Amino acid sequence: MLKYFAKRLRSSIESSSVPDEESTPAPQPLPPPPPQILFENIENLSSEVEIVADPGLRKLIEEYDVGARDRIRKEYVAMDPCQPRGHNFSRKKWVKTIDVSERFGLKTVIGWSIVFQRMQPFVSGGVGSAHIEARIQFEGFKNQRQSVEYSFSSGKHELEVAYRKCLTSTLKRKFLELLKWYSSECPEVAAVVGMNAPGNNQMIAPKIQKQLVNACAVETTNAILADLGDRWFTLLLDEARDCSVKEQMTVVIRYVNKHGEVIERFMVVVHVATTTTACLKEAIDSLFAKYGLSVARLRGQGYDGASNMSGEFNGLKSLIMKENPYALYVHCFAHQLQLLVVTVAQANQYVCDFMWIVGSIVNTSASSCKRDDKLRQLEHDKKVKLLERGEISFGRGLNQETSLARPGDTRWGFHHSTLCRIEQMWPSVIEVLQNLIDDGNRSSKGLSRTLVERMERYEFVFILLLMKCILAITNHLSTVLQEKDQNIVNAMRLINNVKCKLQKLRYYGWDILLEDVKKFCNTNFIEIINMTDNINSRSRLKRDGKNVNFDHYFHVEIFCEVINIILQEMDSRFFETTTDLLIYMSCLDPRNSFSRFDVHKLVRLAHFCEDDFSWNERMLVEQELETYIDDVRSDERFEGISDLGALAKKMIETMKNRVFPLVYRMIELSLLLPVATATVERMFSAVNIVKIDLRNRIGDEWMNDNLVVYIEKDVFNTVDNELILQRFQNMESRRMQLSRIR
């Protein structure tokens, strides 16, 4: 119908513009068309107007400005149908009592089927009903190819093909520099981009670029949500400041996909006004409502140890557990391990003094560009001599140029790397400090002389090698815990292994450590003390009026005490390893032919998760567990599996997840519990790449769209271009329209 009126209107204009052959006056020029309404004031509509999915809560379209109504309608059209999620409806039959006859006083109870039959005329209606008219208007609004504007501006099919090529090339290469390079490499793209593109379809306007990236980000997020489906998931989040001093909260979800793989996906980065618990909870609720996530499907929470996150009464994890008690909270294991190192450095007075000296050495040697260059040059000359003598080899990644690294309380692994570099660059560091004593000012001379004197003591070398040995054990654990597919059962096993290594070091590592210290002192001309001599010059080391010898000082007050503090801190901080729930989950460990498998404990696990196992399933789980363990122990395909994640993948490959669904459900719940928030920390590193000092005014929505596409590039590469093109087209009314490719 619209095409018909457009055709009639075009023909009337053409006929009126032809003059008569006789005395018809010359046609006057037509008045200019009315200016088109520009959407300049609603460019950031999604941030200014609240788009609510629930039709019962949204504002009427008549309450918005006239120029913004079409844009708002398109926002609602682009959204999926509103479906209630996470509600538990009772299974009662709804009935309705209807008076049939007042004369006889009879009342009839009518079920849903009869009520539906009587309501059918009001729901569907006949021709011309309100429901049918609304549906026709909705479909006509979605199909912009029926509009009068499109009928006037539509051209040939070749023009639409060129428009599609231009849009697709700009979609995948959204920056102008890359677009120029891409057009130079591909002649087909060069024919439709840049100056060769149609006048109004060059795709270089900032608004168009933002809309394209937004379409890419939305479709990428939709692909992640489609992969998640109705599965359980875990929430990981943290907050930090960006370069423009704005507090940003990064949200990551963790779930097990259909292939049995543990997946951690970036969802969104949200600007929060404050870091209070109420503000964070409000941001999470709005995020769940926006993406259709249900709190009832939440099975885990992973945060740091801040009070606003892990508080027992008013923390974020407590507020979420009030809504869903099965959303178990796990403090980031890697973060706890780092705090453990800091605690040890503060608890033992000798280690505390040592760490202060190490920090002063790094700051003094590498704080100045001149000293840092001198340190690098000395190391370079030393390595060249060693290469010439054949004592070291060269190759990719071997003997690279290094410098001292500053240790930090929140930098995982930096303490170990700092101590290793001090040991490796010992002569160069001593020479730089000695040059500062000779050529520096008065304040730097005194500090450098003190540092050199402390470094050339036997005590400093002993604590250096001791802490290096201890941190090497814990640093490996920290590196393994930061893997994305790490699970709680494997993490518990690794923590127990670290405890065993530390106890072994305490009982059998004393003599080995003394030999290493002696060898280092002989190499660097440091005086070696006699362990049997008494320490008479240090009054602080006297106990009950008796002198203390060096053996007691180094062995008991430093070596044993430091290791004991670490073991005690590990027992107190990793308290999750002693809870009943994780003990039950550890029974699923497939190592050593499922040696830790315990049917009774796993039955308790099913009873603990009452919301995930129905009453009938809890009655049948024991029999299924007994059949499962006999089956997998006799199956050769399950031999050699030593990890819970590999067990889940193997069950999917062998289709045993369908044979033993209750057992696989337990495995999935165990894999969901988070181990570390390293993925969230990686997201903040990506924020520092996208939002830098030169781009510190980038908007929150624009930054989030870029981050979604940049971080989840593997998901973005799987998204069909047609979905993105159609979403871009539906954002607002456009002069050129694309037909769907079927």
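Worth knowing before you read on, the calculation uses all heavy atoms, side chains too, and leaves out hydrogens, waters and symmetry mates. Owing to the predicted nature of the structure, the values given are computational and were not obtained by experimental measurement.
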For [X], does the [atom1] atom sit with more than 12 other heavy atoms under 6.0 Å from it, leaving out its own atoms?
X: Asn314; atom1: CG; answer: no
X: Lys504; atom1: NZ; answer: no
X: Glu282; atom1: CD; answer: no
X: Ile512; atom1: CD1; answer: no

Determine all donor-acceptor pairs shorter than 3.5 Å in which one atom belongs to a side chain in residues 617-625; sequence neighbours excluded.
residue	atom	partner	partner atom	Å
Glu617	OE1	Ser614	N	3.1
Glu617	OE1	Arg665	NH1	2.8
Glu617	OE2	Arg665	NH1	3.4
Glu617	OE2	Arg665	NH2	3.3
Arg618	NH1	Phe613	O	2.6
Glu624	OE2	Leu662	N	2.9
Glu624	OE2	Val663	N	3.2

Leu644 and Asn490: CA distance, side-chain angles, deciding distance, side chain to side chain contact (heavy atoms under 4.5 Å, CB included) verdict: CA-CA 7 Å; Leu644 192 62; Asn490 192 34; over 6 Å; no
Check: [Y] main-chain N/O paired with [X] side-chain donor or acceptor under 3.5 Å:
X: Lys713; Y: Tyr710; value: yes
X: Asn324; Y: Ile320; value: no
X: Ser478; Y: Thr474; value: no
X: Asn222; Y: Val218; value: yes
X: Asn257; Y: Glu261; value: yes
X: Asn308; Y: Thr275; value: yes
X: Gln301; Y: Ala327; value: yes
X: Thr234; Y: Leu672; value: yes
X: Asn704; Y: Val269; value: yes
X: Asn348; Y: Val344; value: no

Under the ring pair (Phe, Tyr, Trp, His ring centres under 6.0 Å) test, which residues partner [X], sequence neighbours left out?
X: His555; answer: Trp510, Phe559
X: Phe520; answer: Trp426
X: Phe638; answer: none
X: Tyr255; answer: none

Identify whether the distance between the nearest side-chain nitrogen and carboxylate oxygen of [X] and [Y] falls below 4.0 Å.
X: Lys258; Y: Asp227; value: no
X: Glu561; Y: Arg506; value: no
X: Arg297; Y: Asp230; value: no
X: Lys650; Y: Asp643; value: no

On the six-membered ring of Phe288, is Lys290 placed so that its NZ or CZ lies under 6.0 angstrom from the centre and within 45° of the ring axis? no
Where do Ala676 and Leu481 come nearest, in terms of heavy atoms and distance? CB-O, 3.4 Å
Nearest heavy-atom pair of Gly315 and Thr277: which atoms, and what distance? C-CG2, 3.6 Å
Compute the ring centroids of Tyr303 and Tyr329, then answer whether they are less than 6.0 Å apart. yes
List the residues meeting side chain to side chain contact (heavy atoms under 4.5 Å, CB included) with [X], not counting sequence neighbours, and say none if there are none.
X: Ile692; result: Leu694, Arg695
X: Ala289; result: none
X: Ser286; result: none
X: Val687; result: Asp242, Met703, Leu707

Working for side chain to side chain contact (heavy atoms under 4.5 Å, CB included), residues Leu237 and Val680: CA-CA 6 Å; Leu237 59 88; Val680 184; 5.6 Å; no
With a cut-off of 3.5 Å and sequence neighbours excluded, list every side-chain donor-acceptor pair involving residues 592-604.
residue	atom	partner	partner atom	Å
Arg596	NH2	Ser586	OG	3.4
Asp598	OD1	His600	N	3.1

Going through the distances and angles, do Leu316 and Ile284 end up as a side chain to side chain contact (heavy atoms under 4.5 Å, CB included)? CA-CA 10 Å; Leu316 179 62; Ile284 293 176; 3.7 Å; yes
Identify the residue among Glu483, Arg265, Glu264 that makes a side-chain hydrogen bond (donor to acceptor under 3.5 Å, both in side chains) with Thr679. Glu264
Applying side chain to side chain contact (heavy atoms under 4.5 Å, CB included), run through Leu228 and Ile224 and close with a yes or a no. CA-CA 6 Å; Leu228 173 62; Ile224 295 175; 5.6 Å; no
Just grab all the side chain to side chain donor-acceptor pair (under 3.5 Å) pairs involving residues 626-636, residues at least two apart or on different chains. Asp631-Lys656, Asp635-Arg637
Taking side chain to side chain donor-acceptor pair (under 3.5 Å) as the test, write out the residues that go with Glu239, two or more places apart. none
